[in-house]
Amino acid sequence: DALGATRGMLKEGAEALAGDKAAGDTARGGFSKFRQGVVRAQSGNGAAPAELMDEVVPKTDVIISLVTLGMKHGIYKKQIAYNLRLLVEGSEAWAEAWKSASLPEGVDTEALFGLPRSRPAAPEAAEAPAAEAPAAKAPASAAAEGGATAEEAAAEEEEEAAAAPAASELQRGFQELEAIGFEPAARRAPWAFRCLSRGIEKIQLGAGGDKQSDPAEVVAEADAFDRKADALHFLLELHGLKKLYRQKVATCIAKFLKVPSWAAACAADSELHDRLEEE
């Protein structure tokens, strides 16, 4: 069942992380499994998120491994920061483990992950890491500029997105994914998905005569994105979290897998390949 699968991901991921505090291959594989479990836990699946998080042991060893992984492999830094915030701000037990863990000497967790060793006094719901570059911003809405209704703002976003070339949509979606650390539970995850979905949909429309974009150009842009497996993991996790999006997410995945380089990235990631076979 879903709850058992979530517990299994957390247990397997935590064991792998705790067993490889030097941040080697075992820790990297463990983090992939662990973060999937953390994200799935946020949706409840029959148990409170804090309850599921509190079951994970050994907490301090997992924290040490995560911090070391973030120090050694910058590509994981935003994802680790997001997951640490979910753990530390969502569970008293994890907050205590965070304060007591013997981290590598000289590490500045606030600079590295935006998370000080002392727990914030009044934590708010964890959000995905802020984008480091302005290029990944969503379209400016009328509501943000003052006084417009939510419906008008949504209509403005839809109009701007519809007018954008498919390549622009894909690029925006990829940038958003990197900005949120490929976390499907992030506040802006639905926006990132919409950009990807619109962009990849226009590849098909282009083949039928769409004059707005050159399908070959869009395929080339998809080819150039170097974190294909992470993007596919994001889509799969979103598929599990957002019931209303499932059909659209499944279609989006199928279209990306028509691009040979994306199909190859999937085949090279055994965990990803197995998960797709299960869906």
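The structure displayed is predicted, hence computed values, not measured ones.
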- Task: Mark yes or no for whether Thr251, through its side chain, and Gln247, through its backbone, hold a donor-acceptor pair below 3.5 Å.
- Result: yes

- Message: Return the CZ to CD distance between Arg172 and Gln175, rounded to the nearest 0.5 Å.
- Response: 8.5 Å

- Item | Reported CE-to-NZ distance for the pair Met53 and Lys59, which is rounded to 0.5 angstrom | 9.5 Å

- Message: Quick test of your reading of the model: are Arg35 and Glu183 salt-bridged, counting only N-O distances below 4.0 Å?
- Response: yes

- Item | Separation of Leu115 CG from Tyr82 OH (nearest 0.5 Å) | 13.5 Å

- Considering all heavy atoms of both residues, which atom of Leu17 and which atom of Gly30 are nearest to each other, and what is their separation? CG-C, 4.1 Å

- Query: Any donor and acceptor pair, going by atom type alone, linking the side chain of Thr60 with main-chain N or O of Ala101 inside 3.5 Å?
  - Reply: no

- Message: With a 4.5 Å cut-off on side-chain heavy-atom distances among I, L, V, M, F, W and Y, is there a chain of contacts connecting Met9 to Leu86?
- Response: no

- List the steps, then state whether side-chain contact (heavy atoms from CB on, under 4.5 Å) holds for Ser100 with Glu96. CA-CA 6 Å; Ser100 64; Glu96 289 302 314; 5.7 Å; no

- Gln79 and Phe182: CA distance, side-chain angles, deciding distance, side-chain contact (heavy atoms from CB on, under 4.5 Å) verdict: CA-CA 7 Å; Gln79 297 177 45; Phe182 295 86; 4.0 Å; yes

- Message: Just so I know, are the side chains of Val67 and Trp98 near enough to count as touching, which here means a heavy-atom distance under 4.5 Å?
- Response: yes

- Shared ILVMFWY cluster between Val57 and Phe34, side chains joined below 4.5 angstrom? no

- Taking the side chain as C-beta and beyond, is there a heavy-atom pair between Cys266 and Leu276 under 4.5 Å? yes

- Query: Closest approach of Ile253 and Leu232, non-hydrogen atoms and distance?
  - Reply: CG2-CD2, 4.4 Å

- Could you check if a side-chain atom of Val62 sits within less than 4.5 angstrom of a side-chain atom of Leu87, using non-hydrogen atoms only? no

- Message: One thing to verify: whether Arg198 and Glu201 come together as a salt bridge, which I'm taking to mean a side-chain N less than 4.0 angstrom from a carboxylate O.
- Response: no

- The reported gap from CG in Asp54 to OG in Ser91 (rounded to nearest 0.5 angstrom) is 3.5 Å

- Any side-chain heavy atom of Leu66 within less than 4.5 Å of one from Phe113? no

- Note on the structure: For Asp20 and Ala27 the tightest heavy-atom approach is OD2-N, 3.0 Å

- Message: Distance check, rounded to the nearest 0.5 Å: Trp94 atom CH2 versus Arg85 atom CZ?
- Response: 16.0 Å

- Message: Walk me through whether Leu177 and Asp230 qualify under side-chain contact (heavy atoms from CB on, under 4.5 Å).
- Response: CA-CA 9 Å; Leu177 284 184; Asp230 285 334; over 6 Å; no

- Heavy-atom side-chain contact between Asp269 and His233 under 4.5 Å: yes

- Can you name the nearest heavy-atom pair linking Gly240 to Arg246, along with the distance? O-NH2, 3.1 Å

- Message: Using every non-hydrogen atom in the two residues, find where Pro190 and Ala186 come nearest and quote the distance to one decimal.
- Response: CD-O, 3.9 Å

- Message: Please determine whether side-chain contact (heavy atoms from CB on, under 4.5 Å) holds for the pair Leu10 and Glu55, giving the CA-CA distance in whole Å, both sets of side-chain angles, and the decisive distance to 0.1 Å.
- Response: CA-CA 9 Å; Leu10 290 169; Glu55 293 174 2; over 6 Å; no

- Message: Would you say the rings of Phe174 and Phe225 are close, in the sense that their centroids are separated by under 6.0 Å?
- Response: yes

- Message: Testing the basics here: between Met71 and Leu112, what is the closest heavy-atom pair and its distance to 0.1 Å?
- Response: CG-CD2, 3.5 Å

- Distance (rounded to the nearest 0.5 Å) between Lys228 NZ and Phe256 CZ: 10.5 Å

- Is Glu51 salt-bridged to Arg7, cutoff N-O under 4.0 Å? yes

